[in-house]
Enquirer: 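This is the structure I want to talk about, given as structure tokens.
Every heavy atom of this structure was used, including side-chain atoms; hydrogens, water molecules and symmetry mates were not. Predicted, not measured: the structure shown is a model, and the values here were computed from it. Just so we're on the same page: letters track the sequence lines, and every chain starts at 1.
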Number of protein chains: 2
Amino acid sequence: MGRAPTGRPTSFDIAYLAGVSQPTVSRALRGDKSVSEATRERIQRIARDINYTVDKNASSLRSQRTHTIALLFFEDGTDENLINPFFLAMLGSITRACANHGLDLLISFQRMEDDWHMRYQDAKRADGLILLGYGDYALYSARIEQLVEQGTHFARWGSIRSDRSGATVGSDNLGAGRTAGEHLLACGRRNIAFLGHADEHYPEFAHRYDGLCDALRDAGIAPDPALQFDALTHEDAGYRAASALIASGTPFDAIFAASDLIAIGAMRALAGAGRTIPGDVAVVGFDNIPAASLTTPPLTTIQQDLAGAGECLVETVLAQIEGRDPPERHLPTRLIVRGSSAPA
Amino acid sequence: MGRAPTGRPTSFDIAYLAGVSQPTVSRALRGDKSVSEATRERIQRIARDINYTVDKNASSLRSQRTHTIALLFFEDGTDENLINPFFLAMLGSITRACANHGLDLLISFQRMEDDWHMRYQDAKRADGLILLGYGDYALYSARIEQLVEQGTHFARWGSIRSDRSGATVGSDNLGAGRTAGEHLLACGRRNIAFLGHADEHYPEFAHRYDGLCDALRDAGIAPDPALQFDALTHEDAGYRAASALIASGTPFDAIFAASDLIAIGAMRALAGAGRTIPGDVAVVGFDNIPAASLTTPPLTTIQQDLAGAGECLVETVLAQIEGRDPPERHLPTRLIVRGSSAPA
DNA sequence: CGGCTTCCGGCAACCGGTTGCAAAAATGTT
DNA sequence: AACATTTTTGCAACCGGTTGCCGGAAGCCG
């Protein structure tokens, strides 16, 4: 039955050693129930003995399943070398989730211009995609539509309410914004500024702002558009936005920043302008990046459920692949109170 | 010549449309010079028109080249969810280097116990491996030997002088340690403590310590073993090591921490003990993680050439794969002076 | 004990490119 | 114009598992 083992072991070698046909080896190693317990164990033992590993390429080629998903990051392209720390934390979570599901993880950073929408699924590199990116959704929404059209399995991290096409997994930004607002109100603040884009191009930020506004209205305060300043998620953007806020002369006693990096930049601007934290201005950030606990004072912030996020993204993609029902894609957040916002 | 296009496009479809044989298509798309310019262009145009992508599995299966490398992280397993920020920065650099070389990058976090030494190369998932891990090298040196024996292409990040088997890429830790020492000496410090393991199980840290000792000796100071305290690279470890140092009663006016995380933990301990920085104690860290500039005072540290590191690791693996000469595997470092160490 | 279902395992086709070798075409030589 | 050379292209085998289908063996039943 075939030739004797030679070179790197293949399933044929095992078949030879076990005295069975090669397809039987394939079935046995995958735990196919149409192989008797006895032969399966025999085959598995031999496989272990000769250090056999299934060739992933051959397997994927025939079965059209790679058991791999691709994680595509993309940023606005401004910062070449720095990676947003929040993404990195997310990466850890996704990696672990993949490992738990026995999936390999392919990683790539993308520039907007690339033809990433076909590089992975089409080349059969991956069974599904996870898309991760802050920045202006409008810039790549066209590609996302394309993914949907061609039936690509994917999930993206974003704001749950912008779930028009494709499966979006995200934190409850609206609720988080409300929580932040209520916290600051409870601290006795009334004039709460928001640093971060609030238009539809940046739905995550916008929903955080919406939540803040909801909280304000509930407290009988009309949100003041003069207290909202655009900022992308960079420290410098936070610095500039806070400087603009200060320069505007509009009185304020609190800042809700759309991200910790923005908050950190804002704190720098406040310190430069002689405003004390939290005395003159309470500050709340978003993300709870590692650096948030190291600022002076430590930054109050909102923590997203990162462990849950990775698992949820992976599970969402898997569900599409296997035709199961997708999980709840709505993740809770938690307020972490630190020194930058004084308790009432 | 064959059947008409149907379903997802294959090279056969293109062959049909171009009126050539399928192997010619394969050759043309890879730029094989044995295809005439005219036909190649015709084929490439058709491929673009019908959105064709080479099936990576089929290609890899036959050619035995995946154009993929696997990046294996491993940590001591203590911290489940936090990833060392230094690694994350490295990841960014490696990702970019892979992209530049047209390689895919497979990522995995490993626990020591796993059979990672065969999961990738053997399964033909990747052409080569990059190993990244702080921690006790003794724990996995056996597996590394195994990799060498079976001819696996790999490079690991580590200390250049421990390059006994396999290609090790790393910073010039010895030189960096000397630089740190000389800087502290120039600041007028004489009793410089080192926080970090200094034994052969942690060669990177040990070489940093050795460099410090060299600098001390050059200045006519005998290194005092009582000023060296073990610490792995976690904030808590730094806190504990610094606490032990303070409790030991040995006088000291400077700390050189083997990593920024250790330094940050140490600064916390110093603050808790009422020692001022840099007044009583100057502190120098290592890595220049983002948080380093946010501490109070900002942390003087040593920056490794991360961009170069990723490129060098990738290039080293590629060189092995393609039988070229490996690049220089010795990377320079740079001292970043901040507030935690007072100028002389 | 013949007939029927169930369980196991084999046969052969197949996934979609890549590659060694040889034939055909184009170009050069004398 | 006949022959040597060099380019282009095709043929067929191959990479190493996976899968649909079928047949033999074993188990079940009246």
Enquirer: Sort out for me which residue in Thr316(B), Ile130(B), Ile144(B) forms a side-chain contact (heavy atoms from CB on, under 4.5 Å) with Arg156(B).
Expert: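 The option that passes is Ile144(B).
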
Enquirer: With heavy atoms under 4.0 Å as the rule, sort Ser60(B) into base, sugar-phosphate or nothing.
Expert: nothing

Enquirer: Angle, rounded to 10°, between the helical axes spanning five pairs at each terminus of the helix from dC1(C)-dG30(D) to dA26(C)-dT5(D)?
Expert: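 Overall, the helix from dC1(C)-dG30(D) to dA26(C)-dT5(D) bends by 40° from one end axis to the other.
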
Enquirer: So for Arg30(A) and dG17(D), does any side-chain atom that can act as donor or acceptor lie under 3.5 Å from a complementary atom in the base?
Expert: no

Enquirer: Atom OH of Tyr16(B) and atom C1' of dT9(D): how far apart are they, to the nearest Å?
Expert: 20 Å

Enquirer: Rounding to an integer number of Å, can you tell me how far Asp32(A) CG sits from dC7(C) P?
Expert: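 One finds 13 Å between P of dC7(C) and CG of Asp32(A), rounded.
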
Enquirer: Please report the distance, rounded to the nearest Å, between NE2 in His67(A) and P in dG17(D).
Expert: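 Going from NE2 in His67(A) over to P in dG17(D) covers 15 Å.
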
Enquirer: Which heavy atom of Arg329(A) sits nearest to which heavy atom of Cys312(A), and what is that distance?
Expert: CA-SG, 4.0 Å

Enquirer: To the side chain of Asp55(A), which of dT9(D), dG16(D), dG17(C) is closest?
Expert: dG16(D)

Enquirer: Closest heavy-atom contact between Val54(A) and Ser59(A)?
Expert: CG1-CB, 4.1 Å

Enquirer: His67(A) and Asp104(A): side-chain contact (heavy atoms from CB on, under 4.5 Å), yes or no, with the steps?
Expert: CA-CA 6 Å; His67(A) 296 283; Asp104(A) 281 336; over 6 Å; no

Enquirer: Specify the residue among Pro23(A) and Ala58(B) whose closest nucleotide of DNA chain D lies further upstream toward the 5′ end.
Expert: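 This one resolves to Ala58(B).
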
Enquirer: Is any NZ, NE, NH1 or NH2 atom of the basic residue among Arg65(B) and Glu322(B) found under 4.0 Å from an Asp or Glu carboxylate oxygen of the other?
Expert: yes

Enquirer: Out of dG10(D), dG17(C), dC15(D), which nucleotide sits closest to the side chain of Leu61(B)?
Expert: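 Nearest listed nucleotide: dC15(D).
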
Enquirer: Check Glu315(A) with Arg324(A), please: is the shortest side-chain N to carboxylate O separation under 4.0 Å?
Expert: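 Looking at Arg324(A) and Glu315(A), the cut-off is met.
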
Enquirer: With a 4.0 Å limit, can you tell me whether Tyr52(A) has a side-chain N or O closer than that to the phosphate oxygens OP1/OP2 of dG17(D)?
Expert: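 Yes.
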
Enquirer: When the distance from CD1 of Ile43(B) to P of dT9(D) is rounded to whole Å, what number comes out?
Expert: 8 Å

Enquirer: Is Ser26(B) near enough to dG17(C) that one of its side-chain N or O atoms lies under 4.0 angstrom from OP1 or OP2?
Expert: no

Enquirer: For Ser108(A), which residues count as a side-chain hydrogen bond (donor to acceptor under 3.5 Å, both in side chains) partner, sequence neighbours excluded?
Expert: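 So Ser108(A) forms a side-chain hydrogen bond (donor to acceptor under 3.5 Å, both in side chains) with Gln110(A), Tyr120(A).
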
Enquirer: Go through dT18(D), dA13(D), dG10(C) for me and flag the one nearest to the Val20(A) side chain.
Expert: dG10(C)

Enquirer: Mapping Ser36(A) and Asn57(B) onto DNA chain C by nearest heavy atom, which one lands closer to the 5' end?
Expert: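 Result: Ser36(A).
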
Enquirer: Given atom CZ of Arg40(A) and atom C1' of dC8(C), what is their separation to the nearest angstrom?
Expert: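 One finds 12 Å between C1' of dC8(C) and CZ of Arg40(A), rounded.
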
Enquirer: Got a donor-acceptor contact below 3.5 angstrom from the Thr168(B) side chain to the Gly158(B) backbone?
Expert: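 No; zero donor-acceptor contacts below 3.5 Å.
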
Enquirer: With DNA chain D as reference, determine whether Gln64(B) or Lys33(B) sits nearer its 5' end, using the nearest nucleotide of each.
Expert: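 It is Lys33(B) whose nearest nucleotide is closer to the 5' end.
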
Enquirer: Measure the distance from CG on Leu29(A) to P on dG16(D) and round it to the nearest whole Å.
Expert: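 Answer to the nearest Å: 16 Å.
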
Enquirer: Could you tell me the separation between the CD atom of Glu37(A) and the C1' atom of dG9(C), rounded to a whole number of Å?
Expert: 16 Å

Enquirer: Given dG10(C), dT18(C), dT9(D), which nucleotide is nearest the side-chain atoms of Val54(B)?
Expert: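 Shortest atom-to-atom distance from the side chain points to dT18(C).
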
Enquirer: Any donor-acceptor pair, under 3.5 Å, between the side chain of Arg27(B) and the base of dG10(D), if you only look at N and O atoms?
Expert: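 It does, because a donor-acceptor pair links the side chain of Arg27(B) to the base of dG10(D) below 3.5 Å.
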
Enquirer: Hey, does the side chain of Thr24(B) come within less than 4.0 Å of dG10(D)'s phosphate (OP1/OP2), counting only N and O?
Expert: yes

Enquirer: Between atom CZ in Arg8(B) and atom P in dG17(C), what is the gap in whole Å?
Expert: 12 Å

Enquirer: Could you tell me whether the side chain of Arg62(A) has a donor or acceptor atom within less than 3.5 Å of a complementary atom in the base of dG17(C)?
Expert: no

Enquirer: If you check every side-chain atom of Ser21(B), which of dT8(D), dG16(C), dG10(D) has the closest atom?
Expert: dG10(D)

